[in-house]
Amino acid sequence: MSLDFPPLKNDLLLRAARGEQTERAPVWVMRQAGRYLPEFREVRAKHGFFDVCRTPELATEVTLQPIRRYAGLLDAAIIFSDILVVPQAMGMTVEMNPGPHFPEPLNTPADVAKLRAHVDVEQELGYVFAAITRARRELDGAVPLIGFCGAPWTLFSYMVEGETSRTYTKAKTWLFKYPEESKALLMRIADVCVDFLVGQIKAGAQLVQVFDSWAGELAPHHFREYALPALKHIASSVRAQLVVQNLAPVPMTLFPKGATALLPELAEYAGYDVIGIDWCIDPVDARKAVGGLVALQGNLDPNVLYGGREAIEREVKRMCERFKGGKAPKAWIANLGHGITPGVDPEDMRFFLECVHKYSKA
Ligand SMILES: Cc1c2[nH]c(c1CCC(=O)O)Cc1[nH]c(c(CCC(=O)O)c1C)Cc1[nH]c(c(CCC(=O)O)c1C)Cc1[nH]c(c(C)c1CCC(=O)O)C2
């Protein structure tokens, strides 16, 4: 049973995500709705971060801001929310001041008892679903709408560390001191992610992305042991649930930032259609690593956007050549290798998008 939405006018993203070569690379930018936009800062001056997330009108407004500003240049919208709404749904308090802060992180496995035994995502995160349905209607088919969640390992890190960490000492202490409890918690987070992503798809998300921002912090064998099973569980369970609930399949993207060494097995076993890469791997090498199994997304260093027009043009041109080169299939979604940062001039972002349009033509 699916909701009815206006027909999609630009399906470049969905075609590339399914592995098709496209006439040019679709392009969107992680954190495209954010503090580099004056219209976003205006909304944030009047409303708290999570108030924007929890108010479908505001979340829709902010989701559409970059689509309006860069009309005809962006090929996707991403729903305005945060990965940390999942720990909130599980019963944790999360503040944003200005970075994430958990007043009561999970210090030991005993603290897991403080989490909700059963998470009703409809009740806890229904506001995200409402925002997605509303944004999808307001987009009027201009571009597809992306839903997302954080990956279990990245969310686990925040829930244990209580903030963004440089060393991940607390999260890793859990892995090495309490391996079984860690695995259980990772799977518990994964189960919430499954319901959350299925709910987003049901509400109108046309592609979903799993952000594993701290994937690169783990040794490959630790990633394989702890992070990968939960990621696989999400991909296979979401797909199975879509069948059970009679919903059309949607492409799934995994962004395992920094996990370059694992690209071959992620492509082969994780179960995603698209893998996002950061700028620390050359696109030609990433292609070799994943073969023809998945589409790639990425990977310009976000700081290139601070380098002025000449640097932006040169680097985008190079990125396009590197993604289109080599012998592997060419399905590619252009993006930065991580989120856009607050100091970027919105006109430089526009120039980046224009350069992708120009240099990624088949
Ligand atoms: C690790 C992570 C978080 N959140 C997210 C990740 C994964 C991606 C990544 O690694 O960047 C994902 C995220 N966060 C946000 C989105 C919205 C959609 C988009 O435009 O991409 C998405 C997809 C909005 C946001 N989430 C946040 C902001 C800025 C806060 C503000 O408006 O005051 C935005 C626009 C806050 C946030 N939220 C988080 C941090 C560390 C911070 C503070 C630091 C920062 O600003 O980058 C957690």
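Note that ligands are numbered from 1 as they come in the structure, with each ligand's atoms numbered from 1 the same way.
- Looking at T63, D82, V43, it is D82 that brings a heavy atom closest to atom 39 (C) of ligand 1.
- By heavy-atom distance, the residue among S213, G339, A59, P342 lying nearest atom 10 (O) of ligand 1 is S213.
- The shortest distance between side-chain heavy atoms of E61 and E39 does not fall below 4.5 Å.
- At a 4.0 Å heavy-atom cut-off, ligand 1 does not touch K257 at all.
- Heavy-atom proximity to F40, at under 4.0 Å, picks out these atoms of ligand 1: 32 (O), 35 (C).
- The residue among F211, F255, F148 with a heavy atom at the shortest distance from atom 8 (C) of ligand 1 is F211.
- Counting heavy atoms from C-beta on, the side chains of M92 and L106 come closer than 4.5 Å.
- Taking every non-hydrogen atom of H338 and a distance limit under 4.0 Å, the qualifying atoms of ligand 1 come out as 9 (C), 10 (O), 11 (O).
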Chi angles and distances behind the salt bridge (charged side-chain N to carboxylate O under 4.0 Å, His left out) call for R318, D282: CA-CA 10 Å; R318 180 182 195 281; D282 188 283; 3.4 Å; yes

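- Counting only non-hydrogen atoms, the option in H101, H47, R31 that gets closest to atom 13 (C) of ligand 1 is R31.
- Residue I79 touches ligand 1 through its backbone alone, judged by heavy-atom distances below 4.0 Å.
- Which parts of ligand 1 touch Y158 is read off a 4.0 Å heavy-atom cut-off, strictly below it: atoms 1 (C), 41 (C).
- Residue nearest to atom 12 (C) of ligand 1, selected from I83, L84, V210, T341: I83 (by heavy-atom distance).
- Protein heavy atom in closest approach to atom 30 (C) of ligand 1: F49 CD1, 3.8 Å.
- Checking only distances, W28 never comes within under 3.5 Å of ligand 1, N or O to N or O.
- Ring planes of Y168 and W214: tilted class, angle from 30 to 60°.
- Near F80, the atoms of ligand 1 lying under 4.0 angstrom from a non-hydrogen atom of the residue are 24 (C), 35 (C).
- Distance check, rounded to the nearest 0.5 Å: CD of E42 to NE2 of H47 gives 10.5 Å.
- Looking only at protein heavy atoms, the nearest one to atom 17 (C) of ligand 1 is S81 O, 3.5 Å.
- Taking every heavy atom of P100 and a limit of under 4.0 angstrom, the matching atoms of ligand 1 come to 39 (C), 40 (C), 41 (C), 42 (C), 43 (C).
- Here the options are L12, V27, L13, the test is side chain to side chain contact (heavy atoms under 4.5 Å, CB included), and the partner is I333; only L13 passes.
- In terms of protein heavy-atom proximity, atom 46 (O) of ligand 1 is nearest to R35 NH2, 2.2 Å.
- The only option from N299, D301, V304 that meets the side chain to side chain contact (heavy atoms under 4.5 Å, CB included) definition with M319 turns out to be N299.
- Taken from NZ in K202 to OG1 in T133, the straight-line distance is 11.0 Å, to the nearest 0.5 Å.
- Listed by number with element, the atoms of ligand 1 under 4.0 Å from a non-hydrogen atom of R44 are 31 (C), 32 (O), 33 (O).
- Within ligand 1, the atoms closer than 4.0 Å to a non-hydrogen atom of T164 are 41 (C), numbered from 1 in the order shown.
- Proximity to A33 (heavy-atom distance under 4.0 Å) selects the following atoms of ligand 1: 20 (O), 35 (C).
- A 6.0 Å sphere centred on CD of E57 holds more than 12 heavy atoms belonging to other residues, nucleotides or ligands.
- Aromatic ring pairs are classed by plane angle as parallel below 30°, tilted from 30° to 60° and perpendicular above 60°; the pair W332 and F323 is parallel.
- A donor atom on one side chain and an acceptor atom on the other are found under 3.5 Å apart for E313 and Y359.
- Proximity of E347 to R309: side-chain heavy atoms (C-beta onward) are separated by under 4.5 Å at one or more points.
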